2 protein chains.
Amino acid sequence: MRAVIHAVILSGGSGTRLWPASRRALPKQLLALAGGEPLLTAAVRRGRDVAATVTIVTAASQVEATRAIAGDATVIAEPVGRNTAAAIGLAAATLAARDPDAIMVVLPADQHVRDGVALSRALNSLIAAVERDDSIGTVGIKPTRAETGFGYLEIGAVTDGVVPVVRFVEKPDKATAERYVASGRFAWNAGMFVMSARRALAELDANVPATGKAVRAIAGGADAAALYPTLPSISIDHAVMEKAANVVTITVDAGWDDVGSWAAMPAVRGVDATGNTTDGPVIVLGGTGNIVMSDDATMIATVGVSNLVVVKAGDAILVIDKDRAQDVREVVDALVARGLARYL
Amino acid sequence: MRAVIHAVILSGGSGTRLWPASRRALPKQLLALAGGEPLLTAAVRRGRDVAATVTIVTAASQVEATRAIAGDATVIAEPVGRNTAAAIGLAAATLAARDPDAIMVVLPADQHVRDGVALSRALNSLIAAVERDDSIGTVGIKPTRAETGFGYLEIGAVTDGVVPVVRFVEKPDKATAERYVASGRFAWNAGMFVMSARRALAELDANVPATGKAVRAIAGGADAAALYPTLPSISIDHAVMEKAANVVTITVDAGWDDVGSWAAMPAVRGVDATGNTTDGPVIVLGGTGNIVMSDDATMIATVGVSNLVVVKAGDAILVIDKDRAQDVREVVDALVARGLARYL
């Protein structure tokens with residue numbers, strides 16, 4: 001009998017890297033950053049494409065907003081955020097309690113995938129591998145630039161099939177990233193994993209035993225609000241992937257982006273004939289490379305500026321050099337420091 | 001018996017050079033661009049400082065908003081704008097009908113003057129000269145930069161007293177402006193004039209007779225809505241000043257600016273320790289020379305940008321290179337061309 005495939009969407013992010021659109025109460029996965037639908041909605045659909053059930057792990061504060069767009073997906077609330085090892089563990093223990101042979105397809109909620117068919121094909125190949133020998137599958141993304149903001153997977157070669165991962169590597173510096181991309185033996189680590197719930201729990205027991213024990217207890221009825229906050233905050237990459245045996249990958253060219261900053265918008269939303277990326281009532285005169293977005297009827301007009309991010313969302317406006325898009329964090333810090341956290 | 005002095009405030013401007021703060025329905029003279037009070041309110045106060053009565057000439061569409069801040073000033077409505085010769089003529093004819101010996105102090109409504117005492121002193125010197133020999137007085141502003149956006153007055157020398165104007169010169173090119181300023185024999189033409197109503201009407205009769213005749217008829221009860229639109233649209237400088245005999249000036253250093261574009265804001269509102277000019281809830285990180293203004297609780301955060309104008313006013317946001325601040329006109333044109341005139 002084939003195992004049942006369960007999609008697990010990790011949706012707990014509370015970041016403000018896309019401030020002012022993303023807020024503490026409205027993180028990026030709940031935003032329609034790619035136009036049309038929230039990123040989470042698209043992630044749920046990608047899950048349904050390959051799985052029989054969908055489970056969303058999210059922050060308690062986001063449960064209501066998540067349920068509103070989750071359809072018939074199961075929503076698991078984390079009392080606090082404890083990074084991906086705990087979140088995947090909680091999903092694994094919850095699923096395993098009902099289906100000990102469950103296979104999980106773990107998908108982050110805050111990514112953009114242009115070619116869902118290519119991704120489904122890759123995930124199905126990994127599912128087949130995991131069913132065959134209880135390996136751990138991880139999706140590799142064919143790198144299109146020497147990105148320093150992502151982790152990489154070192155593999156023997158970029159092929160069309162499932163191959164072993166030689167090692168996980170952290171976000172590299174620019175020179176290293178360029179070497180990786182030129183070599184043809186590295187893929188971006190997209191944070192999408194396929195593994196059995198049983199193996200996930202066994203790996204946690206071996207590497208972060210407190211987490212393995214706690215998530216089983218919570219799935220058995222223990223008080224999550226008391227137990228979960230005590231867990232270490234560690235990513236599944238650090239906790240498990242970097243150490244685990246028999247990790248495999250398949251490299252896919254799916255138009256993937258993690259929508260990590262405003263600078264990702266041209267890739268996600270496209271670029272118009274003038275070289276600008278716009279949304280809403282916007283007029284861009286005499287400039288190129290801009291990202292100009294208005295979330296309501298507020299007109300934004302720019303004249304003679306290039307490579308700027310200009311975003312109006314809710315009660316705030318951000319103007320930032322596109323090359324510094326990661327530094328939105330500085331705004332967040334400044335707002336906190338000046339007693340203006342109500343804008344977060 | 002001394003003549004009665006009447007201030008005439010020219011407030012008909014409907015420009016959108018300070019869009020999005022200034023709109024068709026809310027021109028810049030009705031805005032508190034210098035902080036605290038509308039420019040018109042300050043102009044009325046300057047009028048009261050030297051005159052016994054204040055008359056405001058404004059567009060029919062602005063009468064209501066003007067009355068609301070005009071106090072006990074008389075408001076004359078122009079059915080349409082016909083430039084300063086017609087506006088001054090209308091005021092002169094209206095005043096002369098009640099006071100044939102009226103002396104007018106003509107002040108634009110949309111300027112900023114830091115040192116009102118110095119300006120009053122200069123105006124009183126011109127009033128004395130006009131009373132003495134029915135000359136026409138024009139205020140000269142000591143130039144502080146080689147501005148190409150203003151007209152200039154050529155005078156024998158910049159002295160503390162009232163001196164003849166050699167000639168009026170149009171807006172010069174940069175090299176000419178630099179020569180003017182270096183020579184010490186030129187002052188900015190501020191568009192502030194002192195003249196008797198009788199002489200104003202005589203000059204109009206001589207130079208633009210249709211205007212002289214029409215404004216007298218309107219003051220006598222004729223239908224302004226029918227007559228006024230037929231008048232030539234011509235400035236008092238072109239129509240009268242450039243040709244008139246016995247024009248005198250006094251040069252004053254009064255911290256004057258015509259608030260002609262957003263680039264004037266640092267001079268008008270000051271500059272903070274980081275070199276930026278801000279208003280409202282604004283955070284400027286790692287940049288200088290910016291003008292960042294929000295007209296409500298909307299936060300504007302800028303990161304790593306310099307010499308930008310970022311203005312949120314009502315339902316619009318402008319982002320423009322400070323050196324191109326005059327090109328707001330292009331936005332206005334684009335809004336009209338794209339059927340978005342509701343933002344004007």
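Quantities reported herein were computed from a predicted structural model and do not represent experimental measurements.
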Taking the side chain as C-beta and beyond, is there a heavy-atom pair between V305(A) and I320(B) under 4.5 Å?
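No, side chains not in contact.
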V319(B) vs L308(A) side-chain heavy atoms within contact, under 4.5 Å
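SC-SC contact between V319(B) and L308(A) confirmed.
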Contacting moiety of V331(B), where chain A heavy atoms sit under 4.5 Å
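Both parts, heavy atoms under 4.5 Å.
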Go through the atoms of P281(B) and report whether side chain, backbone, both or neither lie under 4.5 Å from a heavy atom of chain A.
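Only the side chain of P281(B) comes within 4.5 Å of chain A.
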Between NZ on residue K312(A) and CD1 on residue I300(B), distance to nearest 0.5 Å
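That separation rounds to 11.5 Å.
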At what distance, to the nearest 0.5 angstrom, does CD1 of I283(A) lie from CG of L318(B)?
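Taking CD1 in I283(A) and CG in L318(B), the distance rounds to 11.0 Å.
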Verdict with supporting geometry, M299(A) and D315(B), side-chain contact (heavy atoms from CB on, under 4.5 Å):
CA-CA 6 Å; M299(A) 166 64 60; D315(B) 61 359; 6.0 Å; no
Side chain, backbone, both or neither of L335(A) within contact of chain B (heavy atoms, under 4.5 Å):
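Both parts, backbone and side chain.
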With chain B as the partner, which of G287(A), A301(A), A316(A) has the greatest number of non-hydrogen pairs under 4.5 Å?
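Of G287(A), A301(A), A316(A), A301(A) has the most heavy-atom pairs under 4.5 Å with chain B.
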Step-by-step side-chain contact (heavy atoms from CB on, under 4.5 Å) determination, I317(B) to T298(A)
CA-CA 7 Å; I317(B) 298 162; T298(A) 303; 3.7 Å; yes
Quick one: which residues of residues 337-344 of chain B reach chain A at under 4.5 angstrom, heavy atoms only?
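Listed by number: R338(B), L340(B), Y343(B).
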R145(B), CZ: over 12 other non-hydrogen atoms inside 6.0 angstrom
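Result for CZ/R145(B): enclosed.
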Please report the closest heavy-atom contact between G304(A) and D321(B), naming both atoms and the distance.
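The pair with the smallest heavy-atom distance is O-CB, 3.9 Å.
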